[in-house]
Each structure stands twice: as structure tokens, then as C-alpha cells.
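Indexing begins at 1, ligand by ligand and atom by atom, following the structure's order. None of the values given here were measured: they were computed from a predicted structure.
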Amino acid sequence: MATERTLSIIKPDATKRNLTGKIVAKFEDAGLRVIASKRIHLTAAQAGEFYAEHKERGFYGELVAYMASEPVVVQVLEGEGAIAKNREVMGATDPAQADAGTIRKEFALSKAENSVHGSDSPASAAREIAFFFSGLELVG
Ligand code: ATP
Ligand code: MG
């Protein structure tokens, strides 16, 4: 499998509870390398643009307000099959459905406040990485 890069966000519920290090340890233990990282506080406009694909869904307003409610940590993770591997480490969207040992099983509060975001395809990863980082900031 090829080396890939994927975009991760440690979401407001997790930064607020001081879980950044525990979550990064899960990525590293799975063989993913953090090649870019920053802590930012998104505006509602930025969160809305990032999640524009969900504009028509009933939870969009709630999602945007939540993502702008507290700081987030945005990171680029690199590794073999990084996009799928990160999704595995994250677990299912709803923590009640997530496998044991996954980030969402261990840390998520609910389907909405589910601690992490991860790109879901190569096209999403490319768009999402470029949304937050310049090429100069990716240090593999
Ligand atoms: P993400 O895109 O954040 O990695 P995901 O791909 O597992 O998560 P999506 O279906 O893309 O899930 O939904 C994006 C985010 O919107 C979810 O992670 C969650 O925070 C929120 N969300 C999804 N479904 C619901 C819902 N039914 N009610 C409230 N919030 C939801
Ligand atoms: Mg998604």
C-alpha cells in the first residue's frame, strides 16, 4: 500500500478535556506520523466552509457551532494507507457503534461530540490538507 497523507482534527470536546496527547498517542501507536500540527480556534464561517458537504443535513448548524465553540488541533498524518488507518483508529461516527480501543469508543461524548475528524478519501484529504496548511508546513 502507498504512503498517504490525511487530515485529522482533534475536536472541541477533546481539546477542552485536555485529551490532545492521549489522542496523538493513538495515532503514533498505529504507525501514523504527525507531519504538521497546529492549534486554532475556527470561526463559524471557517467551520461552515470546511463542512460544506453537510450543508443540507439537519445537524449542520449544530455541527458548525460546535466546531467553532472551542479550539481544535489540526494535523496532517502520514503513513501506509493513512486515510483508512486513521478512520480505523478513530472508530465509528457514533461512539456507541465504535469498536473497543478506538478513539471514539474511549473518548467521544456523543455522535456529535465525537472527539476527532478524519478525511474519508484521497480527494477529501487533498482538499482538507490544503484548507489548513501550505506545502511548506508539511514536514515529512
Ligand atoms: P468526520 O467527518 O468528522 O470525520 P464522520 O466522517 O465519521 O466524521 P460524517 O457523516 O462525515 O461523519 O459527519 C461529520 C460530523 O458531523 C460527525 O463527525 C459528527 O460530529 C457530526 N454528525 C454526524 N451525524 C450527526 C448526527 N446525526 N447528529 C449530530 N451530529 C452529527
Ligand atoms: Mg466525514
Side-chain angles (χ1 to χ4, degrees):
M1 192 172 286
T3 298
E4 290 178 337
R5 290 174 173 180
T6 192
L7 190 279
S8 165
I9 305 177
I10 301 176
K11 293 181 174 180
D13 71 90
T15 62
K16 190 175 184 177
R17 290 178 293 147
N18 216 19
L19 294 170
T20 299
K22 288 196 170 96
I23 289 174
V24 172
K26 293 270 196 194
F27 298 144
E28 293 182 340
D29 288 349
L32 294 165
R33 181 176 296 273
V34 178
I35 65 158
S37 183
K38 60 189 171 193
R39 180 176 166 101
I40 57 177
H41 195 147
L42 291 168
T43 64
Q46 290 166 338
E49 187 185 344
F50 181 79
Y51 274 121
E53 65 177 307
H54 296 309
K55 221 169 199 155
E56 307 309 322
R57 316 257 307 256
F59 59 79
Y60 179 71
E62 178 195 343
L63 174 61
V64 169
Y66 157 63
M67 290 299 290
S69 67
E70 296 278 340
V72 297
V73 175
V74 292
Q75 301 188 307
V76 179
L77 307 178
E78 184 179 81
E80 291 289 305
I83 296 166
K85 187 175 281 181
N86 181 40
R87 302 277 299 184
E88 267 177 49
V89 175
M90 288 164 57
T93 309
D94 182 347
Q97 312 290 325
D99 289 340
T102 61
I103 291 169
R104 284 167 167 169
K105 187 66 174 187
E106 289 191 13
F107 302 124
L109 299 175
S110 66
K111 193 171 183 181
E113 296 187 278
N114 60 3
S115 303
V116 280
H117 162 85
S119 307
D120 61 11
S121 67
S124 297
R127 179 186 77 81
E128 293 175 1
I129 290 169
F131 188 90
F132 289 111
F133 294 99
S134 74
L136 280 174
E137 294 174 302
L138 308 178
V139 185

Using a strict threshold of under 4.0 Å (side-chain N to carboxylate O), is an ion pair present between Glu78 and Arg5?
yes
Counting only heavy atoms closer than 4.0 Å, does ligand 1 sit against the backbone of Met90, its side chain, both, or neither?
side chain
Backbone of Thr43 reached by a side-chain donor or acceptor of Gln46 within 3.5 Å:
yes
So which protein heavy atom does atom 19 (C) of ligand 1 come closest to, and at what separation?
Lys111 O, 3.2 Å
In plain terms, say whether Lys26 and Glu106 are close enough for a salt bridge, that is, a side-chain N and a carboxylate O under 4.0 Å apart.
yes
Test your reading of the structure: does Glu62 have an N or O sitting under 3.5 Å from an N or O of ligand 1?
no
Can you tell me if Lys11 has a non-hydrogen atom under 4.0 Å from ligand 1?
yes
Note the single closest protein heavy atom to atom 5 (P) of ligand 1, along with its residue, its atom name and the distance in Å.
Thr93 OG1, 3.6 Å
When you look for heavy atoms under 4.0 Å from ligand 1, do you find them on the side chain of Tyr51, its backbone, both, or neither?
side chain
To which protein heavy atom is atom 20 (O) of ligand 1 closest, and what is the distance rounded to 0.1 Å?
Ala112 O, 2.8 Å
Which residue holds the protein heavy atom closest to atom 13 (O) of ligand 1, what is that atom called, and what is the gap in Å?
His54 NE2, 3.6 Å
In ligand 1, which numbered atoms sit nearer than 4.0 Å to a non-hydrogen atom of Arg104?
1 (P), 3 (O), 4 (O), 7 (O), 8 (O), 18 (O)
How about Ser119 and Glu128: does a side-chain donor come under 3.5 Å of a side-chain acceptor?
yes
Given that the side chain starts at C-beta and the backbone is N, CA, C, O, which of these parts of Glu128 lies under 4.0 Å from ligand 1, counting heavy atoms, or is it both or neither?
neither
Do me a favour and list the nearest non-hydrogen protein atom to atom 15 (C) of ligand 1 with residue, atom name and distance?
Leu63 CD1, 4.0 Å
Could you tell me which atoms of ligand 1, counted from 1 in the order shown, lie closer than 4.0 angstrom to a heavy atom of Gly118?
4 (O)
Can you pull out the closest protein heavy atom to atom 23 (C) of ligand 1? Residue, atom name and distance to 0.1 Å, please.
Phe59 CZ, 3.5 Å
Is there side-chain contact between Ile23 and Val116, with at least one heavy-atom pair below 4.5 Å?
yes
Residue portion contacting ligand 1 (non-hydrogen atoms closer than 4.0 Å) for Arg87
side chain
Would you find a donor on one side and an acceptor on the other, under 3.5 Å apart, between the side chain of Glu4 and the backbone of Ala82?
yes
May I ask you to decide if the ring planes of Phe132 and Phe50 are parallel, tilted or perpendicular, using 30° and 60° as cut-offs?
tilted
Under a plain distance cut-off of 3.5 Å, with no hydrogens placed, do Gln75 and Ser37 share a side-chain donor-acceptor pair?
yes
In the protein, which heavy atom is nearest to atom 2 (O) of ligand 1, and how far is it?
His117 ND1, 3.0 Å
Taking the inter-plane angle between the rings of Phe59 and His54 on a 0 to 90° scale, is it parallel (under 30°), tilted (30 to 60°) or perpendicular (over 60°)?
tilted
Ligand 1 atoms in contact with Asn114 (distance to a heavy atom under 4.0 Å):
17 (C), 18 (O), 19 (C), 20 (O)
Side chains of Thr3 and Glu80: is there a donor and an acceptor less than 3.5 Å apart?
yes
